[in-house]
Amino acid sequence: MLTHSRLAAASFALAGVALGVAPLAAQDLAIRNATVITIASGDINNGTVLVRNGKIAAVGANVSIPPGVRVIDGTGKFVTPGIIDPHSHAALENGINEGSESVTPEVQVQLKNDNPVIYRALAGGVTSALLLHGSANTIGGQALVIKMRWGMPAESMYFKGASRIVKFALGENVTQANSTAPVDSRRFPMTRMGVEFTVQYWFNQAKEYRKEWDAYNAAVKAKDPNAIMPRRDLRLEALVDILNGDLKVHSHSYRGDEILMLIRAAEDNGFKITTFQHALEGYKVADEILKHGASVSTFADMWAYKVEAYDAISYNMALLAQRGVLVSVNSDSDERIRRLYQEAGIGVRYGNMDVNEALKMVTLNPAKQLGVDKMVGTLEVGKDGDIAVFSAHPFAPEAMVEYTIIDGKVYFDRTQANTLRKAAGEGLGGSK
């Protein structure tokens, strides 16, 4: 058994080993004789998934594998689309909150591409994630959607074609309800009413800004020699992108009354909330969320860690789904990101969800929320070769991820990886 100090040393050593691993060259591969959970069209027993040039070329029970293609024996294994985490702060550079002001949509998060959490996420079958600004701001910064291409430059990890996303937040984090700082030194807003005022105020400013630019562009088009260009404001420009639907809103939220408030504020100003993140009381206002056209990305079973989380329940995702709301399960944690497939299974236990409907909550549904469902989220011909291979059904207690594949490249192979289990058994160089 590893002592605490040896465990820590092993963890750092493993991170060092992982940091030195170069990504595999592109290759064609096939996984055969596995139970293939396509998500799109049911399960295939003794099925094969063939990936060519980074794209899924064939899925079925009778797939011909061309010569020269690497073959992974899937006997006894289960193959799913790659897991997608729709709410993470993993691998962000220089903090996750812009603390100077409460409205900062011009700020963009930055990726720390060599953070070991990326490799650990791969060990949990995660192939993509939404990296969000923190929840200290009423209107926070712009997010990144990435693929977990471990060992690659930051720019090459960005998920091309994903939605542009900005983070809003509601509740205690924004109002700093638990702050011990003197009131006269705290940032506005400090009340929930102040949060609503802040949203309304800044979108009124954005609408005026858009009107100025529309008038200027019309004058230029009419060749008006007196046209004067308005002063460019990056903050208001980002808010106008929200009004125009070019920048999608994902909002941290807990309480039902605040969810309703933001729905009303958005509709007053002519934009939509794409996803309510967490939405722990979403089950109370599911019909209103559905009517607005929003989705929910929630915790599987997190509650009571602060007052506004007291009414959270494990049935939240099942109840929301029953009402027709698109639901995903997120980690919001560098630790839970490694076992999102188990988190999704909680919907089967609490809510009696269909197994594959629950699996959608970490595959297809988050893909839709991030605007990448035409590329990932199911195992279908033409989609990216983003795949997780499990030793057993993902909801089985003994299930482990054996391979994580992105664009047809194997980024995690448990037979080759140095793990703490190996470190405990035979040392870091062991092959047990």
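Since the structure is predicted, the reported quantities are computational estimates derived from the model, not experimental observations. Numbering starts at 1 and runs along the sequence shown.
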_Exceeds 12 heavy-atom contacts within 6.0 angstrom, atom NZ of Lys291_ = no

*Worked verdict on Ile242 versus Phe168 for side chain to side chain contact (heavy atoms under 4.5 Å, CB included)*: CA-CA 11 Å; Ile242 294 171; Phe168 283 27; 3.9 Å; yes

_Salt bridge flag under 4.0 Å for residues Arg235 and Glu106_ = yes

*Applying side-chain contact (heavy atoms from CB on, under 4.5 Å) between Ile273 and each of Ile259, Ile289, Leu262, report the one that passes.*
Leu262

*Quick one: are Ile405 and Ile31 in side-chain contact, heavy atoms under 4.5 Å?*
yes

*asked:* With rounding to the nearest 0.5 angstrom, report the CG to OG distance, Leu144 to Ser88.
replied: 11.0 Å

*Between the side chains of Thr275 and Ser295, does any donor sit under 3.5 Å from an acceptor?*
yes

*Going by distance alone, is a donor N or O of one side chain under 3.5 Å from an acceptor N or O of the other, for Ser100 and Glu98?*
yes

*Residues Lys55 and Asp384 bridged, charged N to O under 4.0 Å*: yes

*Can Lys360 and Glu357 be counted as an ion pair, charged N to O under 4.0 angstrom?*
yes

_Sub-4.5 Å side-chain heavy-atom contact between Val109 and Lys167_ = no

*asked:* So which atom in Ser253 and which in Leu170 form the shortest heavy-atom distance, rounded to 0.1 Å?
replied: CB-CD1, 3.9 Å

_Between OH on residue Tyr119 and CZ on residue Arg338, distance to nearest 0.5 Å_ = 13.0 Å

*asked:* Using every non-hydrogen atom in the two residues, find where Gly324 and Leu290 come nearest and quote the distance to one decimal.
replied: O-CD1, 3.3 Å

*asked:* So does Glu281 get a backbone contact from the side chain of Arg255, meaning a donor-acceptor N/O pair under 3.5 Å?
replied: no

*For Trp150 and Pro116, work out which heavy atoms get closest and say how close.*
CH2-CA, 3.9 Å

*Would you check if the side chain of Asn137 reaches a backbone N or O of Asn97 as a donor-acceptor pair within less than 3.5 Å?*
no

_Tell me if the aromatic rings of His252 and His87 count as close, with their centers under 6.0 Å from one another._
no

*Is the shortest side-chain N to carboxylate O distance from Glu196 to Arg192 below 4.0 Å?*
no

*Test side chain to side chain contact (heavy atoms under 4.5 Å, CB included) on Ile72 and Glu402 and set out the steps.*
CA-CA 11 Å; Ile72 294 174; Glu402 300 203 347; over 6 Å; no

_side-chain contact (heavy atoms from CB on, under 4.5 Å) partner of Met148, the single match among Ile83, Val117, Ile337, Thr127_ = Ile337

*Can you see which heavy atom on Gln342 is nearest to which on Pro394, and at what distance?*
CG-O, 4.3 Å

*Between the main-chain N or O of Gly134 and the side-chain N or O of Asn173, is there a donor-acceptor pair closer than 3.5 Å?*
no

_Gap between atom CD1 of Ile56 and atom CG of Leu379 - 0.5 Å precision_ = 5.0 Å

_Parallel, tilted or perpendicular: ring planes of Tyr305 versus Phe299, cut at 30 and 60 degrees_ = perpendicular

*Side-chain contact test, heavy atoms from C-beta onward, threshold under 4.5 Å: evaluate it for Arg264 versus Val199 and give yes or no.*
no

*Do Tyr350 and Asp301 come close enough that some side-chain heavy atom pair is under 4.5 Å?*
no

*Going through the checks in order, is the side chain to side chain contact (heavy atoms under 4.5 Å, CB included) test met by Ile313 and Leu319?*
CA-CA 10 Å; Ile313 59 175; Leu319 291 173; 3.9 Å; yes

_Nearest 0.5 Å, please: how far is CG in Asn330 from NE2 in His278?_
5.5 Å

*So, Asp332 side chain and His89 main chain: donor-acceptor pair closer than 3.5 Å or not?*
no

*Determine whether more than 12 heavy atoms belonging to other residues, nucleotides or ligands lie under 6.0 Å from atom NZ of Lys306.*
yes

*Is the closest side-chain heavy-atom distance between Gln369 and Leu326 below 4.5 Å?*
yes

_In the structure I gave you, are the side-chain heavy atoms of Val410 and Gln416 within less than 4.5 Å of one another anywhere?_
no

*Check: Asp268 and Gln200 side chains under 4.5 Å, non-hydrogen atoms*: yes

_Donor-acceptor pair between Ser102 and Thr138 side chains, under 3.5 angstrom_ = yes

*In Å, rounded to the nearest 0.5 Å, how long is the span from CG of Leu280 to CG of Asp311?*
10.0 Å

*List the atom of Leu92, the atom of Leu131, and the distance in Å for their closest heavy-atom pair.*
CD2-CB, 3.8 Å

*Should Phe188 and Thr198 count as side-chain neighbours, where that means a heavy-atom distance under 4.5 Å?*
yes

*Checking Arg149 side chain against Ile406 main chain: does a donor-acceptor pair fall under 3.5 Å?*
no

*Least distance between heavy atoms, Ile84 atom then Pro366 atom*: O-CG, 3.7 Å

_Determine whether a donor-acceptor pair (N or O, by modelled atom type, separation under 3.5 Å) exists between the side chain of Tyr254 and the backbone of Gly171._
no

_Could you go through Trp213 and Met229, starting from their C-alpha distance and side-chain angles, then the distance that decides it, and tell me whether this counts as side chain to side chain contact (heavy atoms under 4.5 Å, CB included)?_
CA-CA 8 Å; Trp213 275 95; Met229 182 184 292; 3.5 Å; yes

*ring pair (Phe, Tyr, Trp, His ring centres under 6.0 Å) pairs, two or more places apart, involving residues 362-393*: Phe78-His393, Tyr341-Phe390, His393-Phe395

*Under 3.5 Å, side chain of Gln108 to main-chain N/O of Gly141, donor-acceptor pair present?*
no

*Expected output: side-chain Thr404 to main-chain Phe412 donor-acceptor under 3.5 Å*: no

*Is the number of heavy atoms from other residues, nucleotides or ligands under 6.0 Å of Arg323 CZ greater than 12?*
no

*Backbone N or O of Gln176 within a donor-acceptor pair of the Arg186 side chain at under 3.5 Å?*
yes

_Donor-acceptor pair, distance only, cut-off 3.5 Å: does the side chain of Asp386 make one with the backbone of Val376?_
no

*Mind checking the CD1-CE spacing from Ile146 to Met157? Nearest 0.5 Å is all I need.*
4.5 Å

